[in-house]
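Predicted, not measured: the structure shown is a model, and the values here were computed from it.
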Amino acid sequence: IFVARNGLNKVSHGVVEQLRVNDKFLTAFKDQSGGFWFGSEQGLLRQPVDWRYFKAFQSDAILQQSLRNKTPNDYHAMPDGSILIVGSSGAIDRFWPETGVVQNINSQQSMQELINIESVMVDQSGAVWIGANIANEPSLLRYDADFAKYVIWNQNSTVDAGLLGPIKHILQTNDGLVWVSYYGGGVQARNSVTGQVIYSITPDNKRGLKFPDPEQLFMGPDNSLWLAGGEGLLRWSIKDSAFLPVAGSPKERIYSVHFIAPNTLWLGRLGTLEAYQWQNNTLTVQQTISGDEGLPAVDIIGINSDKSSVLWLTSSRGLMRFNPKTKRVRVYSINDGLLSQEFTQRAPYFSQSGQAIVLNSSGLISFNPSQMANHNAKLRLVIESISLRREEDVFQLDPLHAIVLQPNDRDLTIDALLLNFDDVNAHRFRSKLSGFDPDWVEMGNSGKRVFSSLSAGNYKLEIIASSAEGIWSKPI
């Protein structure tokens with residue numbers, strides 16, 4: 001990027017792209033964390049360091065072979081490294097994460113029949129199953145592998161009718177059954193060849209399902225079908241032909257699950273991320289992540305892990321990354337170059353090479369965690385101001401010199417600032433006044449601390465701060 005007389009010019013692979021052409025810029029500067037600062041007649045702007053690592057793919061009616069869904073809803077990974085993408089426009093596209101190449105599958109004529117494809121799954125024979133709306137009727141479709149023929153089932157079908165509600169998840173188990181989750185109706189299991197309903201599980205037929213809106217279907221650590229929802233976790237029992245509660249599971253609603261072989265499960269709930277261990281047919285909680293670690297109080301829609309075992313979470317508040325080593329959550333949003341903060345459909349997908357895609361309400365986001373910035377730059381923490389109240393006046397003090405308080409001085413205020421400008425709301429401060437505090441005091445994301453009064457004596461104040469990446473500064 002370089003500054004021009006009018007606007008900014010971005011050069012990529014020999015191509016010049018003009019940005020903010022109506023603004024007049026005077027200077028530019030790169031800070032120690034990799035962010036760019038621009039001085040203009042309109043004010044001071046900063047481009048965060050992570051903006052260059054997220055690439056957006058959106059629906060474009062002009063460009064040929066572009067993604068056609070304005071809002072992608074689901075994906076399925078194919079053996080050749082590509083993924084099928086479905087979404088709000090009724091399109092089925094094939095996308096290669098490594099190259100960004102798009103192949104349009106279904107024709108415009110067939111797209112006119114489909115509205116808002118919610119889910120997709122390719123079974124063991126290569127047949128493609130999708131959950132979509134046809135004439136505003138939630139429907140299940142099974143396409144042949146070449147998309148030449150298909151069969152439709154909905155709630156009004158005379159044979160093997162579906163359940164109430166949109167189809168949110170489709171999963172095939174090792175025995176060949178295709179399981180379909182209806183949000184508002186329950187769960188069905190179907191023969192993968194004929195589509196015949198083998199099991200139909202609703203809250204009314206006493207097969208273990210209490211809530212009609214399952215959140216996720218997945219294969220559990222015992223190699224059986226598991227379900228996450230309002231009951232917590234359930235597992236399918238072939239012997240009982242019913243869902244049974246999983247021992248040790250939370251009883252509250254679980255929105256997402258990520259299983260890491262051989263026996264670790266990460267559970268996403270409202271404002272909480274938990275790690276469980278599966279042993280002796282029982283779950284035992286190992287770790288709980290919440291607001292103290294920077295996790296927003298939102299539903300965790302999806303969870304997946306990259307090649308470095310770092311967890312990536314989707315939510316309505318942005319794309320989140322949890323580093324088990326630092327035990328901190330980093331939230332990425334529009335300020336980091338994302339299309340929007342709405343990631344409300346699925347967990348991120350990671351290819352064998354580590355390339356990631358994540359579904360956003362405005363398109364598809366691609367990134368590679370291994371190529372993202374190494375945020376290990378030395379943090380600089382400074383004292384911005386020190387003040388106290390003496391009678392009715394406020395006095396500013398020099399932070400470079402020892403402070404001597406008079407008997408009637410009060411409201412000693414210390415304001416510290418971390419000179420790191422990436423996701424400043426995720427900064428954390430701690431302080432310890434020796435002779436007053438028995439241990440470090442958590443200050444949240446504010447560097448300000450006020451001592452209303454202090455007894456006579458000698459004190460030493462130390463302050464430390466951490467960035468959004470969970471890296472702590474040296475004390476000052």
Restricting to non-hydrogen atoms, name the atom on S467 and the atom on H427 that form the minimum distance, rounded to 0.1 Å. CA-CD2, 3.9 Å
Which atom names give the shortest non-hydrogen contact between F211 and E231, and what distance separates them? N-OE2, 2.9 Å
Could you list the residues that satisfy ring pair (Phe, Tyr, Trp, His ring centres under 6.0 Å) with [X], not counting sequence neighbours?
{"X": "F243", "value": "W236"}
{"X": "Y75", "value": "Y349"}
{"X": "Y276", "value": "none"}
{"X": "F57", "value": "F95"}

Does [X] use its side chain to pair, donor to acceptor, with the backbone of [Y] at less than 3.5 Å?
{"X": "R207", "Y": "S241", "result": "yes"}
{"X": "S181", "Y": "H169", "result": "no"}
{"X": "D240", "Y": "S237", "result": "no"}

Qualifying residues under side chain to side chain contact (heavy atoms under 4.5 Å, CB included), relative to Q279, sequence neighbours excluded: Q277
Tell me every residue that passes side chain to side chain contact (heavy atoms under 4.5 Å, CB included) with Q196, counting only those two or more places apart in sequence or in another chain. D160, N191, T194, I198
Tell me whether D144 is salt-bridged to R142, with the criterion being a basic N under 4.0 Å from an acidic carboxylate O. yes
Ion pair present between E118 and K168, side-chain N to carboxylate O less than 4.0 angstrom? yes
Just distance, no hydrogens or angles: give the donor-acceptor pairs under 3.5 Å from side chains in residues 299-310, sequence neighbours left out.
unit_1	atom_1	unit_2	atom_2	d
N304	ND2	P348	O	2.8
S305	OG	H258	NE2	2.9
D306	OD1	S308	N	2.9
D306	OD1	S309	N	3.2
D306	OD1	V310	N	3.0
D306	OD2	W312	NE1	2.9

Residue pairs passing the side chain to side chain donor-acceptor pair (under 3.5 Å) test with at least one member in residues 211-223, sequence neighbours excluded, are N174-N223, D213-R253, E215-R253, D222-S224, D222-W226, D222-R235
Please enumerate all residues that pass side chain to side chain donor-acceptor pair (under 3.5 Å) together with S82, with sequence neighbours excluded. D80, R94
Mind listing the side-chain donor-acceptor pairs of residues 130-140 below 3.5 Å, one per line with the distance, residues two or more places apart or on another chain?
unit_1	atom_1	unit_2	atom_2	d
S139	OG	E137	O	2.8

List the residues meeting salt bridge (Lys or Arg N to Asp or Glu O under 4.0 Å) with D437, not counting sequence neighbours, and say none if there are none. R449
With R430, which residues qualify under salt bridge (Lys or Arg N to Asp or Glu O under 4.0 Å), at least two apart? E442
Test: R190 cationic atom under 6.0 Å from W129 six-membered ring centre, within 45° of axis: no
